[in-house]
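Accompanying notes for the structure given below.
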Number of protein chains: 2
Amino acid sequence: MVRCIHCGEVHAITRSGIVRGKQRYYCKDCKLYFILKEEATVTPARPHMTTIVDIAKALCISKSTVSRALHEHSDINEQTRNDVLDMARKLDYQPNLLAQSLVKSKSNNIGIIVPEFLTYFFPTIIMAAQEVATKAGYNVIICQSQESYKIEKANAHVLLSNRVDGVLISMSCQTKNFEHFRTFEKHGIPVVFFNRVCEEIDSSKVYVDDYKGSFLAVEHLIKSGYKNIAHIGGPLSLQLTYNRLNGYRAALKKYGLPSGKDQVIHCDLSKKGAINAAETLLSKRRNRPDAVFCVNDPVAIQLIMVARQKKIPVPRELGVVGFSDDPMAEIIDPGLTTIQQPVSVIGREAMELLLRSIQTEGKAQPIVKSLKPKLVIRGSSVR
Amino acid sequence: MVRCIHCGEVHAITRSGIVRGKQRYYCKDCKLYFILKEEATVTPARPHMTTIVDIAKALCISKSTVSRALHEHSDINEQTRNDVLDMARKLDYQPNLLAQSLVKSKSNNIGIIVPEFLTYFFPTIIMAAQEVATKAGYNVIICQSQESYKIEKANAHVLLSNRVDGVLISMSCQTKNFEHFRTFEKHGIPVVFFNRVCEEIDSSKVYVDDYKGSFLAVEHLIKSGYKNIAHIGGPLSLQLTYNRLNGYRAALKKYGLPSGKDQVIHCDLSKKGAINAAETLLSKRRNRPDAVFCVNDPVAIQLIMVARQKKIPVPRELGVVGFSDDPMAEIIDPGLTTIQQPVSVIGREAMELLLRSIQTEGKAQPIVKSLKPKLVIRGSSVR
DNA sequence: GTGAAAGCGCTAACAT
DNA sequence: ATGTTAGCGCTTTCAC
């Protein structure tokens with residue numbers, strides 16, 4: 001009883017001549033000629049994926065030859081190669097990347113750790129990064145830390161166990177200990193930080209010049225005639241919080257405006273946190289700000305929503321500027337003035353730096369890229 | 001010259017007694033006792049990740065014992081197990097999932113194919129699905145088809161080569177050929193469709209009752225007094241397009257309103273497509289609709305933007321209802337009335353069905369879940 | 001130009 | 001309770 005090496009069926013098999021002294025068979029169903037090896041342990045159950053051994057058996061050659069043919073290895077007979085390629089197609093061969101990774105100690109997987117991917121910013125970066133990775137033959141494993149140090153650590157382990165070749169990271173805002181990042185480097189796995197970078201680790205980084213961006217934003221508010229400008233900042237664990245805060249302060253200083261300490265509120269970046277901060281700022285009886293520069297667009301949008309609810313007209317009594325140029329900024333009325341970040345560029349450049357590190361023998365010289373922000377003026381800040 | 005089996009260094013090594021007749025060493029740096037095997041091929045370069053063999057050597061036991069200890073296998077000496085666990089921690093052991101997957105023919109990876117993940121809808125589903133997967137010990141590989149059949153097919157190959165244990169799919173709107181989906185089933189890899197399901201494939205599916213949702217939406221418009229209700233529908237390749245269209249028609253019919261054929265426009269779901277459709281509808285000289293039911297929220301929002309530009313007041317002269325309850329619906333002014341889908345539930349249920357299929361021997365009985373939509377009334381449809 | 005054999009890190013019979 | 005062996009699918013010397 002001879003089974004087809006492809007479909008495993010027995011009913012459609014006929015003999016079809018002798019090749020190299022061996023009986024050749026033909027499966028009518030699969031339209032496939034094949035030869036069984038001497039002790040041919042015949043094919044297993046259905047859901048077996050074709051391997052190079054299947055191809056080798058079908059062609060009565062060795063699996064090394066098949067492997068070589070599949071990879072355009074120099075020394076290979078043209079005819080043999082074509083045979084192998086044909087058979088591979090016929091048997092619907094898909095290389096087992098797991099096996100390949102194991103023997104090459106290279107998974108062709110790249111990990112990305114982000115705090116979340118709900119708010120346009122990270123998805124856009126991921127898309128851009130993934131595009132670059134895919135082109136270079138890499139796969140991407142996306143992990144969300146959900147702004148939690150614990151989850152971020154767990155993510156790092158998952159990526160390590162999956163033997164990723166490199167990692168892109170934007171830190172959670174809870175992270176204060178960086179051992180899990182060092183573990184990567186300890187094992188020679190390059191890491192590139194983006195946006196929420198880690199000062200303490202000497203690796204490549206890509207981010208936007210937050211200081212400059214904030215400065216532009218606040219300067220614009222001042223030039224629009226606002227005098228009492230507040231700031232809703234991000235969590236104090238994030239470097240960008242300080243950079244944006246400093247830009248805000250520098251602009252106030254340059255134009256001789258006071259920056260009373262109470263005009264700065266920090267919030268975690270959740271919706272609730274943003275609403276709380278906005279409420280606090282807009283409920284003030286004395287010294288209510290006439291403008292607010294917000295650490296990012298989602299926060300700015302919540303601020304506008306709160307103002308709307310309190311019947312405080314934007315921009316007449318309240319100027320607002322955000323950061324990032326979220327698509328929402330165009331939708332909301334009035335349009336939200338904001339600092340545009342080259343979001344896709346961040347993702348692309350970060351991935352390119354990472355790929356370069358991966359391809360470099362030994363530790364590559366870290367490269368730090370600071371991208372230029374741009375002021376986009378809409379209705380929320382011009383009266 | 002003896003090297004530490006952990007750090008590979010030689011300078012911090014001292015002898016430390018004889019154990020089971022063998023010389024024991026101690027590394028001051030790593031605070032680690034260890035014994036070398038007879039022919040001890042000493043440790044390789046730095047970026048070598050610890051394997052069970054390293055642990056076995058360090059403890060002078062066999063790697064099977066290590067494997068067993070690591071997996072709480074029944075028959076294992078308590079003491080041995082603790083030793084192994086300690087050593088694993090000491091050597092910072094991370095199991096190689098690739099090797100594990102290879103031998104078990106089970107990758108613990110699950111693929112997700114979505115058209116995109118920029119617009120809240122898919123990211124939310126992915127998050128929910130990922131959460132369920134992670135809890136069950138599965139990893140998730142996310143692929144975007146970018147609404148392209150070709151890319152979707154490529155995605156399928158990538159997932160196949162990565163030997164995923166199952167796949168969650170929401171089809172691209174270009175997809176008319178389904179062989180790449182069948183390939184999964186042919187290899188015993190279960191598939192669950194969600195949201196954009198494939199009629200032709202007999203597998204589990206999760207979606208929202210689109211017909212019912214549209215019916216609710218249009219009924220609401222009618223009850224609000226709108227008489228000439230148009231519809232911007234989705235691409236004709238998607239089943240949900242027909243379902244939503246039919247719901248729209250059924251509501252018109254039930255309330256005795258005419259549904260002139262020209263009051264239905266289909267668009268791909270891109271921003272540009274939406275704007276074009278909106279322009280067409282709102283530029284009509286005769287018979288301009290007084291309300292529009294849109295296939296989803298992003299389209300509805302573009303419609304409102306166009307109306308804003310044309311100074312057509314919403315909701316007074318134009319009622320608008322969307323579908324999905326995108327966060328933007330709350331932000332835009334007036335608020336967008338919409339049909340809420342239980343987005344997270346879709347992701348969760350789809351993943352649960354998939355995990356069940358994976359754990360079932362043989363092909364599981366397909367389960368189809370239709371979830372209930374809900375009307376959320378905001379300002380855009382009430383005058 | 002091709003085959004045989006070793007080995008990537010791990011699990012799972014099969015011995016003992 | 002532990003060691004020995006084979007093998008997952010693949011690449012890569014090393015022979016011939």
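In what follows, chains are A, B, ... by sequence order, proteins preceding strands, each numbered from 1. Just so it is clear, the model here is predicted, and its values are computed rather than measured.
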With respect to the phosphate group of [N], does any side-chain polar atom (N or O) of [X] fall under 4.0 Å of OP1 or OP2?
X	N	value
A:Ser67	D:dT11	yes
A:Gln100	D:dT11	yes
B:Ser105	D:dC8	no
A:Thr51	D:dG9	no
A:Thr65	C:dT2	no

Item to complete: Would you please name every residue forming a ring pair (Phe, Tyr, Trp, His ring centres under 6.0 Å) with A:Phe184, sequence neighbours left out?
Response: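 Not a single residue meets the ring pair (Phe, Tyr, Trp, His ring centres under 6.0 Å) criterion with A:Phe184.
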What about [X], does its side chain sit under 3.5 Å from the base of [N] through a donor-acceptor pair?
X	N	answer
B:Arg68	D:dG3	yes
A:Arg81	C:dG1	no
B:Ser64	D:dT4	yes

Worksheet item: Over its full length, what angle do the end axes of the helix from C:dG1-D:dC16 to C:dT16-D:dA1 make, each axis taken from five pairs and the result rounded to 10 degrees?
Response: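 That helix has its two terminal axes inclined by roughly 50°.
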So, [X] versus [Y]: side-chain donor-acceptor pair below 3.5 Å or not?
X	Y	value
A:Ser148	A:Ser145	no
B:Ser172	B:Thr175	yes
A:Asn96	A:Gln100	no

Item to complete: Determine, for A:Lys57 against A:Asp54, whether the closest basic-nitrogen to carboxylate-oxygen distance falls under 4.0 angstrom.
Response: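 Salt bridge between A:Lys57 and A:Asp54, a charged N being under 4.0 Å from a carboxylate O: no.
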Practice prompt. Scan for ring pair (Phe, Tyr, Trp, His ring centres under 6.0 Å) pairs involving residues 49-68 of chain B, sequence neighbours excluded, and state none if there are none.
Written response: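 Non-adjacent pairs meeting ring pair (Phe, Tyr, Trp, His ring centres under 6.0 Å): zero.
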Discussion item. Please classify the nucleic acid contact of A:Ser101 as base, sugar-phosphate, or nothing, using heavy-atom distances under 4.0 Å.
Written reply: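 Nothing, no heavy atom under 4.0 Å.
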